[in-house]
Amino acid sequence: MSAGDVIELLVEPLRYSFILRGLAASVLVGVVSAVVGSFVVVRGMAFFGDALAHSILPGVAAAYLVGGPDGPLFWGGLAAGVATALGIGWLTRGDHIKEDTAIGVVFAGTFALGIAIISTVRSYSADLMHILFGNVLGVGDDDLRLMVAFGGLVVIAVVLLYKELLVVSFDPALAHSLRLPVDALRLLLLVLIAITIVASLQTVGVALMVAMLVTPAATAYLFVRRLHHMMMLAAVIGAFSSAVGLYLSYYVAVASGAAIVLVATGIFVLAFLFAPGRGRVWALVGRRRLGRDPDRA
Amino acid sequence: MGSESGLAGGRECTALVVEGLSAGYEGARNAVRNVSFEVGCGERVAVLGPNGAGKSTLFKAIVGLIPHHTGHISIHGEDCRTSHTMVGYVPQYEEIDWRFPVTVRDVVMMGKLRQLGWLRWPGRRHWDEVDEILARVGMLDFKDRQIGQLSGGQKRRVFIARALAQDVDILLLDEPFSGVDAAAEQEIMDVLEQLRQDGVTVLLATHNLGMAATEFDRLLILNGQVIAYGPPEEVFTPDVLAETFGGRVTLWHEDRQVLMLSDDACCAGEIGGAK
Ligand SMILES: Nc1ncnc2c1ncn2[C@@H]1O[C@H](COP(=O)(O)OP(=O)(O)O)[C@@H](O)[C@H]1O
Ligand SMILES: [Mg+2]
């Protein structure tokens with residue numbers, strides 16, 4: 001296959017404007033969720049991310065009830081996501097309830113509420129499928145504008161408050177002793193995750209959202225020593241997975257959300273096995289060759 | 001900042017006053033009860049007590065991490081709620097996520113966060129200052145290591161460096177000697193010696209009775225409440241030790257030396273000068 005053929009293969013789908021928009025949307029989502037997802041990974045909040053993604057369903061469903069598939073789904077989801085993020089943040093402030101328990105309760109309850117609302121509409125199944133699994137080729141110009149605006153907002157917030165969010169994540173005790181507004185920063189992070197999820201809704205959908213948050217960041221974690229490097233590398237991996245996944249879905253005819261997540265997962269598995277220094281394969285080979293524990297000085 | 005600095009000049013002053021403090025958690029509201037003591041500027045105090053005695057709780061209350069419902073803490077004469085940015089805290093080993101993607105330099109830079117102010121990223125000058133501090137604790141060669149890839153003693157020194165970057169004048173160290181060998185212990189003590197020269201007041205929780213007796217000005221023996229507080233030779237009496245540690249510590253008096261043995265072989269040590 002010549003270089004020309006490859007270019008032809010890459011350019012051909014872009015003649016359709018809906019594919020071009022879908023590509024832009026999914027690359028954007030790949031970048032933004034990787035940046036926010038780096039916090040999700042280092043703070044061990046994968047379950048929270050998954051739960052939050054599901055809990056936006058009632059908001060989306062209510063908006064759907066009002067306006068059908070073209071209703072204010074984005075805003076409904078945003079309201080529900082932010083409300084749930086704040087709710088879980090508030091529930092877990094003291095030591096009354098363990099965090100994963102609170103998340104489990106809120107997550108299942110809100111998801112059920114969402115399904116209940118949608119199921120009152122007679123012909124709901126196709127639209128429910130889109131909400132659950134994404135519909136990246138249905139992204140319109142207005143949708144894309146909203147995604148750019150909110151995705152940009154999230155990235156700007158992370159860049160401007162990077163060192164504060166880092167300290168709050170790494171060592172809340174230090175954050176307290178520096179008298180940072182620890183609770184406000186923690187809630188802000190939850191809200192940023194919520195906004196990211198809602199902005200990503202159309203590409204991978206509710207069910208696979210957690211993969212966009214966690215998988216590229218977890219991959220990047222295997223290569224770097226510093227959080228902001230992790231974010232940058234995760235963003236590249238997220239964007240790459242999104243683009244490759246979308247092309248795959250065009251040529252192989254599989255669901256785009258699933259294709260994107262599968263590419264990201266494949267990259268993670270490769271990195272897990274072969275990452276320099278930390279890859280499992282090198283660890284096995286090295287142990288055999290050296291015959292001693294590599295961690296010992 | 002406190003009006004009485006009195007550090008380098010050696011003028012008498014009080015760094016920390018704790019009065020009738022009770023503090024704790026949901027479910028263990030009085031993990032420490034009615035704790036009172038005073039620490040002079042530049043003094044070095046070892047906080048001793050069995051596991052669960054409330055050493056960490058006391059430190060967390062002083063640093064403002066957990067609220068105290070009764071009593072009063074003042075730092076250089078100000079209530080701790082208004083002045084606790086002057087207190088540095090080196091948490092217990094288990095409270096840090098050592099796999100977190102931060103380097104030695106990143107951790108020390110966290111101490112400068114207040115100086116940097118909101119919305120700003122550190123510049124060249126700030127990194128140079130961090131490197132200077134790392135040189136003081138002998139960690140400059142490791143500045144780009146991820147923090148998990150350090151020995152126990154090195155990890156402790158990074159967190160002490162962070163407190164230096166915070167420019168604190170009271171430093172609380174929660175069990176810095178647990179799980180480190182004698183050489184690392186000595187490295188940590190060397191850094192504390194530098195802090196003493198800077199006039200920094202140090203409170204340090206430890207199980208190492210021998211070290212506490214020889215290297216510290218005062219001992220605070222804690223078991224929920226204060227069992228004893230004072231210089232080592234006054235505090236280390238058989239009664240106090242029995243009350244705090246049960247039968248696990250024994251004293252042998254021999255001439256003018258006191259030999260103290262505990263059932264952990266690590267903590268045997270000698271106290272000089274018992275009269
Ligand atoms: N986060 C917490 N929630 C509830 N109780 C706690 C918590 N941390 C410690 N405690 C309790 O407070 C008491 C004092 O604990 P701590 O200050 O950690 O002791 P030490 O540091 O001396 O080992 C213990 O009885 C412990 O069970
Ligand atoms: Mg403790």
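Labels below follow one simple rule: chain letters A, B, ... track the order of the sequence lines, proteins then strands, and each chain is numbered from 1.
Residues Leu178(A) and Met110(B) fail the side-chain proximity criterion, which asks for heavy atoms closer than 4.5 Å. The closest side-chain heavy-atom distance from Trp118(B) to Leu160(A) is not below 4.5 Å. Put simply, the side chain of Leu227(A) does not reach to within 4.5 Å of the side chain of Asp106(B), judged on heavy atoms. At least one side-chain heavy atom of Arg179(A) sits under 4.5 Å from a side-chain heavy atom of Arg114(B).
Of the residues considered (Leu116(B), Thr103(B), Ile96(B), Ile147(B)), Thr103(B) shows the highest number of contacts with chain A, using heavy-atom pairs under 4.5 Å. The candidate with the highest count of non-hydrogen atom pairs below 4.5 Å against chain B, out of Val224(A), Asp171(A), Leu161(A), is Asp171(A). The candidate from Glu164(A), Met230(A), His229(A) with the greatest count of non-hydrogen atom pairs under 4.5 Å with chain B is Glu164(A). Between chain A and the options Gly117(B), Ser151(B), Gly148(B), Gly27(B), the largest number of non-hydrogen pairs under 4.5 Å is found for Gly117(B). When the candidates Gln149(B), Arg162(B), Gln146(B), Arg120(B) are compared by the number of heavy-atom contacts under 4.5 Å with chain A, Arg162(B) comes out ahead.
Contacts of Arg99(B) with chain A are made by both backbone and side-chain atoms, with heavy-atom separations under 4.5 Å. Proximity to chain A is limited to the side chain of Phe159(B), based on heavy atoms less than 4.5 angstrom apart. Contacts of Val159(A) with chain B are made by both backbone and side-chain atoms, with heavy-atom separations under 4.5 Å. Ser169(A) touches chain B through backbone and side chain together, each having a heavy atom under 4.5 Å away. Contacts between Leu113(B) and chain A at a heavy-atom distance below 4.5 Å involve backbone atoms as well as side-chain atoms.
Not one N or O on the side chain of Lys163(A) forms a donor-acceptor pair closer than 3.5 Å with the backbone of Trp121(B).
The two residues Ser177(A) and Val63(B) come nearest to each other via the heavy atoms CB-CG2, 3.5 Å.
Atoms CZ and CZ, from Arg145(B) and Arg225(A) in turn, are 9.5 Å apart once rounded to the nearest 0.5 Å. Atom-to-atom distance recorded for Arg43(A):CZ and Asp97(B):CG is 11.5 Å, nearest 0.5 angstrom. His176(A) NE2 to Lys60(B) NZ: the interatomic distance, rounded to the nearest 0.5 Å, is 10.5 Å.
Heavy atoms from other residues, nucleotides or ligands lying under 6.0 Å from CZ of Phe272(A) number 12 at most.
Between Phe100(B) and Phe170(A), the ring planes are perpendicular. Angles over 60° get that label, and only those under 30° would be called parallel.
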